[in-house]
Amino acid sequence: MPATVLLDRAIHVSYGSAEAGTGADPGVDPDTFWHGQVNGLCGAAVRGFLALMTGLHTGYVQFRVELHPGRPPLGDDWEEAVEVSFRHRAKKLWVRGLLSEAYPAKLPPGDYRVRYCARGMQEGQRQDTAGEDEIVDAYLLQFWPGEAEPDRIVRQTSEVAAYWHKANPKPAVGDAERAEAKRRKAEKRARAKEEAQRAEDRLRWGDRVPGKRLRDADRRANPLDHVDADLAFALAETDDDTCAAVARWAAGRAVTVAGLDRLPQVAAALAAADRGKKPPTEGLGLLLEDPAVPQRTVLLPEAMANGRTLEAAQRYVALPALLALTDRPPLAAALNALWAAAGAHGEDGYRQLFADLRTAFPDLAR
């Protein structure tokens, strides 16, 4: 079966380098391509990538990519040839010179043996640069299905190829080196995560850094610190019993100011919470249209409305304070209940609500 030609064109190279792979940046030190190899023309130590050397430093070289059903014969006209193993998992193979345009070759995913061949490499090095109409060196990548094997030098005739066969190969990476690289990579990720967290904290909290308890609760709560940061931090320093009591207090104030306390089901839920029982909250939302509930609107605190003027139905803003009594942890319940209560009291009343709270719970008056 004849070869399938996947690419055959002139490509532009820089610094005597070309590459074939997924098209993405492999993100490794250049030496990594040559670890554990004996050849210095085709670096294949990074999975999914081939680092390719050319004689020409800058300019155009002829490049051809072929797919074969089996190992092809090596033509006499190729002066240099090396073989490596290559695992391809992308939809396309992209071939390009360093810092140049990439061209697609439709190589099916699979495990391959690859032969990289060169002709005119010595003349390319001597000429150093070449335009598209004065090509002197040509290169061939031949792929065929094959299991992984060590790389090998098949043919070497030029001085420049001999130089790269000596210069490029690097010692194989041992278990200790891999473990050290893994450790450094983990440290780098941890530092990046810490830096991202610090940046997020500065944006969210300013100069104050929340402890683990507040940070954990904040993932399940409304941002009360936007309304009163001192109160949020003070709550985080109290115990769970105090937080639960604050949540009950806030829920009581919220439903009262909205007139929801007139509903027997709401009163029963508050009474259950006061007895340390889980309040029955199922179906409470259906009661909001009860004629006994005042149909008032309230101007939300600016801090809750992102600085805008925003009106809301008071009963709808207040009810989540009662529903918050089932939230966990208790600190999240307190944060959510106070958020809803502040909304129910509105821009004109939430500050007095928080002053009353600090009177009822002196530990929060900090």
* To do: Starting from the C-alpha separation in whole Å, work towards a yes-or-no answer on salt bridge (Lys or Arg N to Asp or Glu O under 4.0 Å) for R213 and D218.
  => CA-CA 8 Å; R213 187 163 180 258; D218 183 64; over 6 Å; no

* Taking the six-membered ring of F233, is NZ or CZ of R208 closer than 6.0 Å to its centre and within 45° of its axis? -> yes

* Asked: Using a distance-only test with no angle check, is there a side-chain donor-acceptor pair under 3.5 angstrom linking Q122 and D137?
  -> no

* Please step through side-chain contact (heavy atoms from CB on, under 4.5 Å) for the pair E66 and L6, ending with a clear verdict. => CA-CA 5 Å; E66 299 175 347; L6 306 181; over 6 Å; no

* Not counting sequence neighbours, which residues clear side chain to side chain contact (heavy atoms under 4.5 Å, CB included) with V293? List them please. => L260, L263, D290, Q295, R315

* To do: Using atom types as modelled and distance alone, determine if a side-chain donor or acceptor of T157 lies under 3.5 Å from a backbone N or O of E79.
  => yes

* Asked: Do we see a donor-acceptor contact under 3.5 Å between the side chains of Q37 and H35?
  -> no

* When the ring centroid of Y15 is compared with that of H57, is the distance short of 6.0 Å? -> yes

* Answer whether the closest heavy-atom distance between the side chains of Y139 and L52 falls below 4.5 Å. => no

* **Which atom of N168 lies closest to which atom of G40, heavy atoms considered** => ND2-O, 2.8 Å

* Side-chain heavy atoms of F33 within contact of V28, under 4.5 Å -> yes

* Does NZ or CZ of R9 lie under 6.0 Å from the centre of the six-membered ring of Y103, at an angle within 45° of the ring axis? -> yes

* **Atom CG of D77 with >12 non-hydrogen neighbours under 6.0 angstrom** => yes

* Does any donor atom in the side chain of S158 or E80 lie under 3.5 Å from an acceptor atom in the other side chain? -> yes

* Would you please test D261 and R253 for salt bridge (Lys or Arg N to Asp or Glu O under 4.0 Å) and show each step? => CA-CA 9 Å; D261 57 328; R253 290 291 296 264; over 6 Å; no

* Asked: Does the ring centre of H345 sit less than 6.0 Å away from the ring centre of Y350?
  -> no

* Using the six-membered ring wherever Trp is involved, compare the ring planes of F361 and W249 and label them parallel, tilted or perpendicular (cut-offs 30° and 60°). => perpendicular

* Asked: Cationic tip of R119 within the cone over W78's six-membered ring, i.e. under 6.0 Å and within 45° of the normal?
  -> yes

* To do: Look at the aromatic rings of F86 and H88 and report parallel, tilted or perpendicular, splitting at 30° and 60°.
  => parallel

* D327 and R220 ion-paired at < 4.0 Å -> no

* Rounded distance [0.5 Å steps], SG in C243 versus CG in L335 -> 7.5 Å

* To do: Test salt bridge (Lys or Arg N to Asp or Glu O under 4.0 Å) on R113 and E83 and set out the steps.
  => CA-CA 7 Å; R113 194 67 177 164; E83 290 182 5; 3.7 Å; yes

* Asked: From L338 CG over to N222 CG, what is the distance, rounded to the nearest 0.5 angstrom?
  -> 11.0 Å

* To do: Would you please test E195 and K193 for salt bridge (Lys or Arg N to Asp or Glu O under 4.0 Å) and show each step?
  => CA-CA 5 Å; E195 290 171 3; K193 185 177 180 180; over 6 Å; no

* Partner set under side chain to side chain donor-acceptor pair (under 3.5 Å) for E123, not counting sequence neighbours -> R126

* Quick one: do the T242 and D239 side chains pair a donor with an acceptor below 3.5 Å? -> yes

* Structure fact -> Taken to the nearest 0.5 Å, the spacing of R87 CZ from D111 CG works out to 4.0 Å

* With the threshold set at 4.0 Å, does a side-chain nitrogen-carboxylate oxygen contact exist between E302 and R308? -> no

* Report yes or no: does S17 contribute a side-chain atom to a donor-acceptor pair with the main-chain N or O of V13 at less than 3.5 Å? => no

* Structure fact -> In terms of heavy-atom contacts, G75 and R155 come closest through O-NH1, 3.0 Å

* Any chance the side chains of E194 and Q197 put a donor and an acceptor closer than 3.5 Å? -> no

* A90 versus P109, closest heavy-atom pair with distance -> O-CG, 3.6 Å

* CD/Q62 to CZ/R64 distance, rounded to the nearest 0.5 angstrom? -> 9.0 Å

* To do: Could you grab the distance from atom NE2 of H68 to atom OH of Y112, nearest 0.5 Å is fine?
  => 12.0 Å

* Do V61 and V82 sit in the same hydrophobic cluster, where Ile, Leu, Val, Met, Phe, Trp and Tyr count as joined when their side-chain heavy atoms come under 4.5 Å apart? -> yes

